[in-house]
Visitor: 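Would you mind keeping the following structure in view while I ask a few things?
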2 protein chains.
Amino acid sequence: MMHDTFAALGDATRFAIVEKLLNEGELPAGNLQEVGTISPPAISRHLKVLREAGIIEQRIDKQRRMYSVRPQAVRTIGEWAMNYQEFWQKSLDRLEAALLQEGNDA
Amino acid sequence: MMHDTFAALGDATRFAIVEKLLNEGELPAGNLQEVGTISPPAISRHLKVLREAGIIEQRIDKQRRMYSVRPQAVRTIGEWAMNYQEFWQKSLDRLEAALLQEGNDA
DNA sequence: TCTTTAATTTCTATTTATGTTAATTAACGT
DNA sequence: ACGTTAATTAACATAAATAGAAATTAAAGA
């Protein structure tokens with residue numbers, strides 16, 4: 001469900017984790033603590049939420065758990081927005097223009 | 001902040017409200033109750049959250065409050081995803097392909 | 001084997017979010 | 001003015017999310 005994806009990204013810490021992974025690529029859980037003043041258990045649980053929402057995935061390397069963003073997750077969000085943009089952008093732009101025009105007239 | 005936008009869309013009821021507005025255009029608060037079995041006060045507060053997140057806007061028409069999606073909000077989400085897609089999609093695709101190939105080899 | 005490192009799960013406390021009922025505000029129609 | 005409709009705000013109860021400390025699991029390295 002789309003809203004689970006949004007809910008997972010709706011927390012400031014989780015959003016920061018995802019952005020860090022997007023910018024720096026695959027990282028172990030320990031390195032993700034740098035996103036804020038937060039304990040390892042808290043990070044771990046946030047990672048679980050993101051994983052269950054399908055936004056990140058885990059790879060085990062020795063005693064480290066490596067995390068990375070699932071490309072499909074970002075793509076899905078883009079497609080959701082794009083779906084409405086494609087079909088509605090033009091009419092929305094026309095509506096916006098009309099409202100602006102209306103404002104100018106008044 | 002981006003994560004406030006996601007947080008607002010992370011609730012099932014609010015997500016349904018936004019989808020209804022995207023599909024049907026501007027609607028009064030009363031009509032948005034149809035998204036589920038929920039009381040008018042609950043809907044009203046969800047609308048407030050969406051409004052404060054900049055996702056919807058309100059227009060007053062007589063005794064009715066008309067709500068609609070702000071085009072820029074959808075665009076912003078699309079652009080966030082697109083920003084990462086544009087810069088990372090190719091390398092991510094390459095990574096995916098490499099992992100698949102690795103899987104085939106094993 | 002023993003100690004250290006990495007990360008998670010358990011436990012518990014606290015905060016935040018959500019929902020309902022009741023009361024309030026505001027405008028419409030008679 | 002009065003009753004009705006539309007929607008919100010207030011008050012309160014409950015559920016869900018988040019956090020840290022402590023305990024647990026698992027592998028690494030001496």
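Only this structure's heavy atoms are used, side chains among them; waters, hydrogens and symmetry mates stay out. Order of the sequence lines fixes the chain letters, A, B, ..., with proteins taken first and strands second; residue numbering starts at 1 for each chain.
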Visitor: So how far is it from A:Leu21 CG to A:Glu19 CD, rounded to the nearest 0.5 Å?
Guide: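 Reported value, rounded in 0.5 Å steps: 10.5 Å.
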Visitor: At under 4.0 Å, does any side-chain N or O of B:Ser39 touch on OP1 or OP2 of C:dT20?
Guide: yes
Visitor: Heavy atoms from C-beta onward define the side chain here; which of D:dA11, D:dA28, C:dT9 lies closest to that of A:Lys62?
Guide: D:dA28
Visitor: Report the nucleotide, chosen from C:dA7, D:dT9, D:dA28, that has the shortest atom-to-atom distance to any side-chain atom of A:Gln63.
Guide: D:dA28
Visitor: Please report the distance, rounded to the nearest Å, between CG in B:Leu27 and C1' in D:dA7.
Guide: 15 Å
Visitor: Here's a test of your reading of the structure: between A:Gly30 and B:Pro41, which maps to the more 5' nucleotide of DNA chain C?
Guide: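 Taking each residue's closest nucleotide, the earlier one in sequence belongs to A:Gly30.
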Visitor: Return the nearest nucleotide to the side chain of A:Pro28; candidates are D:dT9, C:dT10, C:dA7.
Guide: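 Output: C:dA7.
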Visitor: How is A:Ile38 classified with respect to the nucleic acid when contacts are heavy atoms under 4.0 Å: base, sugar-phosphate, or nothing?
Guide: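 Sugar-phosphate contact only.
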Visitor: Using whole Å, what does the distance between atom P of nucleotide D:dT8 and atom CD1 of B:Ile43 come to?
Guide: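 The distance from CD1 of B:Ile43 to P of D:dT8 comes to 10 Å, rounded to the nearest Å.
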Visitor: Quick check: on DNA chain D, is the nucleotide nearest B:Arg64 upstream (toward 5') of the one nearest A:Thr37, or the reverse? Name the residue that is more 5'.
Guide: B:Arg64
Visitor: Do you know the tightest heavy-atom contact between B:Arg65 and B:Ile60?
Guide: CG-CG1, 4.3 Å
Visitor: With respect to the phosphate group of C:dT18, does any side-chain polar atom (N or O) of B:Arg14 fall under 4.0 Å of OP1 or OP2?
Guide: yes
Visitor: Separation of A:Leu50 atom CG from C:dT8 atom P, in whole Å?
Guide: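 Computing the A:Leu50:CG to C:dT8:P distance gives 12 Å.
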Visitor: Could you tell me the separation between the CG atom of B:Leu50 and the CG atom of B:Leu9, rounded to the nearest 0.5 Å?
Guide: 6.5 Å
Visitor: Distance check needed: D:dT18 C1' versus A:Phe15 CZ, whole Å only.
Guide: 19 Å
Visitor: Looking at the side chain of A:Thr13, which of D:dA6, D:dA19, C:dG19 is the nearest nucleotide?
Guide: D:dA19
Visitor: Nearest whole angstrom, please: distance from the P of C:dA17 to the NE2 of A:His3.
Guide: 16 Å
Visitor: What distance separates A:Ile17 CD1 from A:Leu32 CG, expressed to the nearest 0.5 Å?
Guide: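 Result: 6.0 Å between the selected atoms.
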Visitor: Distance check: side-chain N/O of A:Gln58 vs OP1/OP2 of C:dT8, anything under 4.0 Å?
Guide: yes
Visitor: Could you tell me whether the phosphate oxygens of C:dA17, OP1 or OP2, come under 4.0 Å of any side-chain nitrogen or oxygen in B:His46?
Guide: no
Visitor: Going by the angle between their ring planes, with limits at 30° and 60°, are A:Trp80 and A:Phe6 parallel, tilted or perpendicular?
Guide: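 A:Trp80 and A:Phe6: perpendicular rings.
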Visitor: Does B:Tyr67 have a side-chain nitrogen or oxygen under 4.0 Å from the phosphate oxygens OP1 or OP2 of D:dA6?
Guide: no
Visitor: Roughly how many Å is it from CG in B:Asp61 to P in C:dC28, rounded to a whole number?
Guide: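 Computing the B:Asp61:CG to C:dC28:P distance gives 9 Å.
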Visitor: Starting at atom CD1 of B:Ile17, determine the distance to atom P of D:dA7, rounded to an integer number of angstrom.
Guide: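 About 13 Å, once rounded to whole Å.
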Visitor: State which of C:dA7, D:dA7, D:dA21 makes the closest approach to the side chain of A:Arg45.
Guide: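 Nearest listed nucleotide: D:dA21.
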Visitor: Rounded to whole angstrom units, what separation is found between the CE atom of A:Met66 and the C1' atom of D:dA27?
Guide: 16 Å
Visitor: To the nearest 0.5 angstrom, please state how far the CD atom of A:Gln58 sits from the CG atom of A:Leu47.
Guide: 8.5 Å
Visitor: Would you please confirm or rule out a distance under 4.0 Å between OP1 or OP2 of C:dA7 and any side-chain N or O of A:Arg65?
Guide: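 For C:dA7, neither OP1 nor OP2 has a side-chain N or O of A:Arg65 closer than 4.0 Å.
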Visitor: Among C:dT8, D:dA11, D:dA19, find the nucleotide with the atom closest to the side chain of A:Leu47.
Guide: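 Shortest atom-to-atom distance from the side chain points to C:dT8.
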